[in-house]
Amino acid sequence: MVTNDAQAAQRAEIWLQDLWAGRESAEFALPQSQIALSLGDVVGLTVNGRRRLVEISEISDTESRAIRARSIDPEVFNLALSPPRRRAPAAPAAIAPVHALVLDLPALDAAQPTVLARLAVFADPWPGPVAVWASSDGLSYSRAGLALAPSIVGETLDDLPAGPTARWHNAGFRVQLYGGAIASVSDSALFSGGNAAAVQHADGAWEVIQFANAELVGDRTYALSRLLRGQAGSEWAMTAPLPAGAPSCCSTSIS
């Protein structure tokens with residue numbers, strides 16, 4: 001059913017009032033001469049000097065007509081219809097320019113062709129596939145690719161000191177995401193490349209960090225711990241410290 005708020009409220013109010021008006025029932029018998037009466041008909045009964053209207057709900061024809069009926073108040077169906085509320089349509093969310101990070105990362109997988117740069121694209125709301133255009137002279141552009149889904153990007157909230165490589169770094173830091181979510185993984189999943197994040201140091205170099213633990217501690221804010229630093233040959237980019245406010249990009253795996 002398609003209706004407006006005023007008609008829906010009127011129908012609900014009529015239904016409730018009709019249920020209340022029909023709370024009493026009556027049973028009586030009529031002669032066969034009243035054959036014209038049928039289900040749904042409204043008849044008047046006088047009981048103890050009081051006239052009541054009842055609606056016939058059941059008829060059993062034997063030697064007489066056994067009638068079952070319920071009380072009814074026809075006035076409830078004349079409930080006035082209030083004017084519908086006018087609602088201004090909500091303005092569509094403005095689509096702002098996307099947030100893009102150009103990541104200069106080492107070769108993460110020797111089986112894949114060499115990648116000169118990677119691009120992380122985010123927008124809220126996500127407008128749909130985002131075209132990536134490239135130009136060598138700043139005048140003419142050609143489409144270089146298509147971002148089909150938003151990346152998980154954010155920024156660090158704490159300084160992170162330099163740490164060891166090829167073993168656990170028992171330190172932690174918080175990161176606030178612009179959108180998306182991350183979760184903890186087992187050591188086995190981590191060693192298979194899970195929970196990789198690229199963080200940009202003050203000199204612009206990108207370090208690849210893996211994290212086993214991701215604890216939600218605030219609005220889109222996660223505490224990352226049990227770290228593996230300088231992954232995929234990025235240990236040269238590690239500086240002391242990684243400053244708070246550093247751009248970061250999270251991925252489910254190193255690929």
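Note: hydrogens, waters and symmetry copies are ignored here, and every other heavy atom, side chains too, is used.
Side chains of Asp73 and Leu53 form no contact here, defined as non-hydrogen atoms less than 4.5 Å apart. With contacts defined as side-chain heavy-atom distances shorter than 4.5 Å, the pair Leu45/Arg50 does not qualify. Using a 4.5 Å cut-off on side-chain heavy atoms (C-beta onward), Tyr222 and Glu215 make no contact. Considering only heavy atoms from C-beta on, Leu119 stays 4.5 Å or farther from Leu101 through its side chain.
Residues Ser234 and Trp206 approach most closely at CB-O, 3.9 Å, considering heavy atoms. The shortest non-hydrogen separation linking Gly179 to Ile152 is O-CG2, 3.9 Å. Annotation for Pro129 and Leu148: closest pair CB-CD2, 4.2 Å, computed over non-hydrogen atoms. Here the closest non-hydrogen pair linking Ala162 and Ala240 is CB-CB, 3.9 Å. Listed here is the closest heavy atom pair of Trp126 and Val130: CH2-CG2, 3.6 Å. The minimum heavy-atom distance between Val153 and Ala120, with the atom names listed, is CG1-CB, 3.9 Å.
Taking CG from Asp104 and CZ from Arg118, the interatomic distance works out to 9.5 Å, rounded to the nearest 0.5 Å. Note that OG1 of Thr156 and CG of Leu242 are 5.0 Å apart. Values are rounded to the nearest 0.5 Å. Remark: Asn170 CG to Leu227 CG distance equals 8.5 Å, nearest 0.5 Å. Atom OG of Ser25 sits about 11.0 Å away from atom CD of Glu58, to the nearest 0.5 Å. For the atom pair CH2 of Trp15 and CZ of Phe77, the computed distance is 13.0 Å after rounding to the nearest 0.5 Å. A distance of 13.5 Å separates SG of Cys249 from CD of Glu155, quoted to the nearest 0.5 Å.
Under a hydrophobic-cluster definition in which Ile, Leu, Val, Met, Phe, Trp and Tyr are linked whenever side-chain heavy atoms come within less than 4.5 Å, directly or via other members, Val76 and Ile72 are assigned to the same cluster. Connection of Phe191 to Val185 is established within a shared hydrophobic cluster, with ILVMFWY side chains joined at heavy-atom distances below 4.5 Å, either directly or through further cluster members. Connection of Val199 to Leu177 is established within a shared hydrophobic cluster, with ILVMFWY side chains joined at heavy-atom distances below 4.5 Å, either directly or through further cluster members. Both Leu216 and Val175 are members of a single hydrophobic cluster when ILVMFWY side chains are connected at heavy-atom separations under 4.5 Å. In this structure, Leu146 is not a member of the same hydrophobic cluster as Val121, with clusters built from ILVMFWY side-chain heavy atoms closer than 4.5 Å.
Using a 30° and 60° split on the angle between ring planes, His99 and Tyr178 fall in the perpendicular class, above 60°.
In summary, the side chains of Asp137 and Ser135 do present a donor paired with an acceptor at a separation below 3.5 Å, with no hydrogens or angles considered.
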Practice prompt. Applying side-chain contact (heavy atoms from CB on, under 4.5 Å), run through Phe28 and Val43 and close with a yes or a no.
Written response: CA-CA 12 Å; Phe28 52 93; Val43 298; 4.3 Å; yes

Worksheet entry | Test log, rule side-chain contact (heavy atoms from CB on, under 4.5 Å), inputs Leu16 and Asp18 | CA-CA 5 Å; Leu16 291 173; Asp18 185 47; over 6 Å; no

Worksheet item: Does the side-chain contact (heavy atoms from CB on, under 4.5 Å) test come out yes or no for Ile14 and Gln17, once each step is laid out?
Response: CA-CA 5 Å; Ile14 289 174; Gln17 292 190 23; 6.0 Å; no

Worksheet item: side-chain contact (heavy atoms from CB on, under 4.5 Å) between Ser38 and Ile56: does it pass, once the steps are laid out?
Response: CA-CA 7 Å; Ser38 61; Ile56 298 176; over 6 Å; no

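Counting only distance, with no hydrogens or angles, the side chain of Thr221 and the backbone of Asp219 share a donor-acceptor pair below 3.5 Å. At distances below 3.5 Å, not a single donor-acceptor pair connects side-chain atoms of Gln34 with backbone N or O atoms of Ala29. The closest donor-acceptor contact from the side chain of Thr46 to the backbone of Gly49 lies at 3.5 Å or more, if one exists at all. A donor-acceptor pair is defined here as one N or O able to donate and one able to accept, closer than 3.5 Å; such a pair exists between the side chain of Gln210 and the backbone of Gly194. Side-chain atoms of Arg65 do not come within 3.5 Å of backbone N or O of Ile59 as any donor-acceptor pair. Asp203 contributes a side-chain N or O that, together with a main-chain N or O of Ala205, makes up a donor-acceptor pair within less than 3.5 Å. For Asp158 (side chain) and Arg174 (main-chain N/O), a donor-acceptor pair under 3.5 Å exists by modelled atom type. Under a 3.5 Å cut-off, the side chain of Arg23 and the backbone N or O of Trp20 do form a donor-acceptor pair. Within the 3.5 Å criterion, the main-chain N or O of Glu235 finds no donor-acceptor partner in the side chain of Thr165. Side chain of Ser248 to backbone of Ala198: no donor-acceptor contact under 3.5 angstrom is found.
Counting non-hydrogen atoms of other residues, nucleotides and ligands closer than 6.0 Å to CZ of Arg167 gives a total of 12 or fewer. Around CD of Glu63, the count of heavy atoms belonging to other residues, nucleotides or ligands within 6.0 Å does not exceed 12. The 12-atom threshold is exceeded at CH2 of Trp168, counting heavy atoms of other residues, nucleotides or ligands nearer than 6.0 Å.
Using a 4.0 Å cut-off between charged nitrogen and carboxylate oxygen, Glu207 and Arg229 count as a salt-bridge pair. Salt bridge present: Arg226 and Asp187 bring a charged side-chain N and a carboxylate O closer than 4.0 Å.
Partner Ile209 forms a side-chain contact (heavy atoms from CB on, under 4.5 Å) with one of Leu228, Leu224, Asn195, Leu160 and no other, that one being Leu160.
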